Amino acid sequence: MSAFPLAAAASLSSSSSVAQSYGSALPPAMILAVIRENPVTIVVGETGSGKTTQMTQYLHEDGYTSLGLIGCTQPRRVAAMSVAKRVSEEMGVELGQEVGYAIRFEDCTSDKTFIKYMTDGVLLRETLSSEDLFQYKAVIMDEAHERSLNTDVLFGILKKVVAMRADFKLIVTSATLDSAKFASFFGNAPVFNIPGRTFPVDVLWSRTPQEDYVEAAVKQALAIHLRDPPGDILIFMTGQEEIEATCFSLAERLDQMRSGGQDVPELMILPIYSQLPSDLQAKIFDKAPEGSRKCIVSTNIAETSLTVDGIYYVIDTGYVKMKVYNPKMGMDALQVFPESQAAANQRSGRAGRTGPGTAYRLYTESAFKHEMLVSSVPEIQRTNLANVVLLLKSLNVDNLLHFDFMDPPPQENILNSMHQLWVLGALDNVGGLTSTGRHMVEFPLEPALAKLLLAGAAMGCSAEALTIVSMLSVPSVFFRPPDRAEESDAAREKFFVPESDHLTLLHVYQQWKNNGYRGDWCARHYLQGKGLKKAKEGKGLKKAKEGKGLKKAKEGKGLKKAKEVRAQLLDIMKTQRLPLTSCGSDWDVVRKAICSAYFSNAGKFKGIGEYVNCRTGMPCHLHPSSALYGLGYTPDYVVYHELVFTSKEYMQCVSAVEPEWLAELGPMFFSIKESHSSRQERRKKEAATAAAMAAEAAQAEEAKAAAAAAAAAEEAERRQKAREAAATPAGRRATTPRRPLGL
DNA sequence: GAGCACTGC
């Protein structure tokens, strides 16, 4: 085994005292001693410090594996796979034997495995069946500074495990900026520093704030291209539209210069974002021909998920697009925010992987210091928590408001998620898990989708529900290259089922199946068949190309991935003894099942393309990509999968529903003509829930509890108003829209 | 007639 890289400069510090530094060569014994003496150790290690591959091996040599497993979590699958492969090679064992990995579709471990790499989601799921993780002697949470939702939930759970088990060791990696915070959360844990092996990056600031950062980035890129020594350029933008504008403008300027007689060397302009078709994504890895250079214009995807070698120049606009959840509205918003200092440093670092580089920041140093957060708002504070609540409830965490989060999510968020789960029948009136809830937690799905599966099983259309859920669990299968937008739109419209986007997805899948799951069929109809080969993605890029191990990675993209998800969910359905039944061509039943999962996301017709949310009165619009858009067919009521604010409040994935279904399936929100007795009963139920939630809140600080109770009451009132305004159904539509012919 | 960062079970 190789020596611990750069151990000579390693230092040990305690969060509460002055850092001690060790100048002489430092054997791994040093860090092992720290781990031996402390239940939790924080490791600050830059990328390239070798911590991911070395730490597990040191723990193994120190004897931890004679007693149990060493686990190492990663936020991404590719990393879990490629790191496991590399460690197995370093140790000279077969992958999947002594060293293995586990990700959603693949458990590549055996009885002999003692070092196990996995995604953080896998370890979180494992806590469901073994609360104290008895099979593990040590867990390393790698890349924990990225603060994924799963990482944050694991923090709280593992902290409990540490308190329960004296024989358990936890090692958490952190960025320099928040090591003190991590250390204090884990009871003043010692901090161990391992310097990285990356090259220095010169950071240059803008002297004045930039009004138009697209323009500024284009100018900067051209200046580098015309003036500076060879080396590729990486520009960070917030989204697809900006990226396309930047690429267009760059190309235009180059053209202008050339037609003006200037001799400009070749520049390969390469956009990259997650929704870009795979074959175009792959182009960023092509080498620039001699005498020319690459300019990659990227979203956040190149910040952590993709690593391209050969970048010497980074241009950073200073902004990111983020999804933030508004619990009051039940709506996500995709908004542009200034990036955090940590993100800025991460982006700059991308210039120093191949050699010493330069980062041009298109904002002032003062803006960096005074206007940017030190680190990004963790996901747990800006996301819908229904899934987390369900998971914690099934772990018997009785008071969620007291759960030990490093950064607690807003209380309103938790209460709102509990309400959602109650509405779906997953929680009872006192906040306990129901049998429906216990079924739901078994599925790796968001609660509404799990409910759709259960409803499908109850209504005799679980096969159809299963397909729809699978299609909604993968990125859009519709392939839309920017230069063939109209053709691909036309191709997509051929699949439309006029009353439902959900059924459109079902239709696409069934046609694919009828055509033998063929790839050429997908290509012809502008559908995403599979995706990039794994070897093109992620950190393990080079290694994956050299070896053969990753060829086994069968995970695809698009329809192929939907098929894999479907198979996995079907397995779970079998273990849950849920029947697989098809309703044949009677797709109205499927819409009813959809209604039973989404009735709290109901909209009432207001005008062409416009609906109002039945509960909140919020306006919500049909998205132009919806099958229901602009067809002259205007159902009175629809339900939607999610509501996202971009330029307007847009409903994503919409289905027409019958008003009487809303009344039947969502009696807590809707009634056709309420009798006095049923109204009383409903109010009693609602009061009980509000009381239960307030009771939970009451255990928290007094002031917060008061606010929570007020929020619950407000919610009840809003619901009452909405109920009065909505849900007096018109008669059933006279004609059912024509179903499209199969292709 | 408009558009959406990135993960994960």
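A, B, ... follow the sequence lines: proteins, then strands. Residue 1 opens every chain. Note that the coordinates shown come from a computational prediction; the quantities given were computed from them, not determined experimentally.
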Practice task
Fit a plane to each ring of F478(A) and F495(A), take the angle between them on a 0 to 90° scale, and name the class: parallel (under 30°), tilted (30 to 60°) or perpendicular (over 60°).
Solution key: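 F478(A) vs F495(A) ring planes: tilted.
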
With heavy atoms under 4.0 Å as the rule, sort [X] into base, sugar-phosphate or nothing.
X	result
R480(A)	base
I301(A)	sugar-phosphate
V122(A)	sugar-phosphate
D332(A)	nothing
Q275(A)	base
F443(A)	nothing
T119(A)	sugar-phosphate

Handout entry: Euclidean distance, atom CD of residue Q74(A) to atom P of dC9(B) [Å, nearest integer]
Key =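 Answer to the nearest Å: 12 Å.
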
Practice task
For E241(A) and for E446(A), locate the closest nucleotide of DNA chain B by heavy-atom distance; then report the residue assigned to the nucleotide nearer the 5' terminus.
Solution key: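 Taking each residue's closest nucleotide, the earlier one in sequence belongs to E241(A).
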
Exercise for the section: Would you kindly compare S473(A) and R492(A) by the position of their nearest DNA chain B nucleotide and give the one closer to the 5′ end? Expected result: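 First, find each residue's nearest nucleotide; the 5'-ward one identifies R492(A).
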
Exercise for the section: Report yes if a side-chain nitrogen or oxygen of T646(A) is closer than 4.0 Å to either non-bridging phosphate oxygen (OP1 or OP2) of dC4(B); otherwise report no. Expected result: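 Answer is yes, contact under 4.0 Å.
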
Practice task
Examine dC9(B): is either OP1 or OP2 under 4.0 Å from a nitrogen or oxygen in the side chain of R77(A)? Give yes or no.
Solution key: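 It does, given that an N or O in the side chain of R77(A) lies less than 4.0 Å from OP1 or OP2 of dC9(B).
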
Handout entry: Close side-chain approach of E649(A) to H621(A), heavy-atom, < 4.5 Å
Key =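 Touching, per the 4.5 Å side-chain cut-off.
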
Exercise for the section: Look at the side chain of P624(A) and decide which nucleotide, out of dC4(B), dA2(B), dG8(B), has an atom nearest to it. Expected result: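 So the nucleotide nearest the side chain must be dA2(B).
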
Problem - Candidates dC4(B), dA5(B), dG8(B) - which lies nearest the side chain of K323(A) - result: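 Per side-chain heavy atoms of K323(A), the pick is dA5(B).
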
Problem - Check ion pair K321(A)-E241(A) (N to O, under 4.0 angstrom) - result: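 Judged by the 4.0 Å cut-off on N to carboxylate O distance, K321(A) and E241(A) do not form a salt bridge.
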
Exercise for the section: Measure from NZ or CZ of R361(A) to the centre of the six-membered ring of F368(A) and say whether it is under 6.0 Å with the direction within 45° of the ring axis. Expected result: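 Yes - R361(A) lies over the ring of F368(A), closer than 6.0 Å to its centre and within 45° of its axis.
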
Exercise for the section: Tell me whether the centres of the aromatic rings in Y598(A) and H641(A) are closer together than 6.0 Å. Expected result: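 That pair passes the under 6.0 Å test.
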
